[in-house]
Amino acid sequence: MAIWVDADACPGDIKQVLFRAADRTGTTLTLVANHRLSVPPSRHIRFVQVSSGFDVADHAIVTRMEAGDLVITGDIPLAAEVLEQGGHAISPRGEAFDAETIRQRLGMRDMMEELRSSGIQTGGPAAPGPRERQAFANALDRWLARHSG
């Protein structure tokens with residue numbers, strides 16, 4: 001069991017939660033990004049830098065993860081691929097994706113993309129705050145409790 005992080009867009013405070021959890025539980029944590037990241041020295045925390053390009057980090061995660069692993073991502077198509085491969089996915093806001101929620105999120109994503117392509121300004125989600133950080137920490141703790149040991 002390992003945790004993979006789509007780290008290019010993962011907020012710093014969520015990374016800090018992950019660093020502490022990896023050390024506390026002895027779980028391997030791998031951050032994947034296309035730019036250099038600073039990670040604390042730990043035998044449980046790794047960093048993989050990939051080349052720049054569309055979905056390069058996503059592809060690296062999907063090809064390296066194993067069934068049962070957890071992926072932290074806000075990227076809905078990546079979360080869908082992870083689920084298809086038998087993995088688990090949680091967003092940095094604490095949403096645990098499953099077969100039903102991922103279908104709903106893919107549909108919403110497609111609808112918003114269609115609106116944007118027709119020129120409608122849809123905006124993005126608000127920046128995550130303490131409530132989302134706590135929701136993430138709770139979702140991560142629930143996953144670790146079910147899948148560790």
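For the single chain, residues carry numbers from 1 onward in sequence order.
- Closest heavy-atom contact between Ala21 and Leu144: CB-CD1, 4.0 Å.
- Nearest heavy atom pair, residue Ala135 against residue Arg93, reads CB-O, 3.5 Å.
- Residues Val32 and Ile61 form a side-chain contact, since some pair of their non-hydrogen atoms from C-beta on lies under 4.5 Å apart.
- Summarising the local packing, CD of Glu66 is surrounded by 12 or fewer heavy atoms from other residues, nucleotides or ligands at distances under 6.0 Å.
- Relative ring orientation between His88 and His147 is described as tilted, the plane-to-plane angle lying within the 30° to 60° band.
- Side chains of Lys15 and Leu37 form a contact here, defined as non-hydrogen atoms less than 4.5 Å apart.
- Note: Ile72 CD1 to Ser91 OG = 8.5 Å, rounded to the nearest 0.5 Å.
- The hydrophobic cluster containing Val39 also contains Leu70, counting ILVMFWY residues as joined when their side-chain heavy atoms lie under 4.5 angstrom apart, directly or transitively.
- Between the side chain of Asp69 and the main chain of Trp4, no donor-acceptor pair closer than 3.5 Å is present.
- Taking every heavy atom of both residues into account, Ala99 and Leu83 meet most closely at N-CD1, 4.3 Å.
- Shortest non-hydrogen contact noted between Ile45 and Ala22 is CG1-CB, 4.2 Å.
- Atom CZ of Arg131 has 12 or fewer neighbouring heavy atoms from other residues, nucleotides or ligands inside a 6.0 Å radius.
- At a threshold of 4.5 Å between non-hydrogen side-chain atoms, the residues Leu29 and Asp23 do not count as touching.
- Under the 4.5 Å side-chain criterion, counting only non-hydrogen atoms from C-beta, Asp141 is in contact with Arg24.
- No more than 12 heavy atoms of other residues, nucleotides or ligands lie within 6.0 Å of NE2 in His59, so this atom counts as exposed by the packing criterion.
- The distance from atom CG of Asn34 to atom CG of Asp8, rounded to the nearest 0.5 Å, is 4.0 Å.
- Note on Ile14 and Ile3: same hydrophobic cluster, where clusters join Ile, Leu, Val, Met, Phe, Trp and Tyr whose side-chain heavy atoms are under 4.5 Å apart, directly or indirectly.
- Between Phe97 and Val82, the closest side-chain pair of non-hydrogen atoms is not below 4.5 Å.
- One hydrophobic cluster holds both Ile90 and Phe19 under the rule that ILVMFWY side chains link at heavy-atom gaps under 4.5 Å.
- Under a hydrophobic-cluster definition in which Ile, Leu, Val, Met, Phe, Trp and Tyr are linked whenever side-chain heavy atoms come within less than 4.5 Å, directly or via other members, Met65 and Phe47 are assigned to different clusters.
- Contact check for Asp58 versus Glu81: no side-chain heavy atoms found under the 4.5 Å cut-off.
- The cluster map of Ile, Leu, Val, Met, Phe, Trp and Tyr, joined by side-chain heavy atoms under 4.5 Å apart, puts Leu78 and Val50 in the same cluster.
- Here the closest non-hydrogen pair linking Ala139 and Gly94 is CB-O, 3.5 Å.
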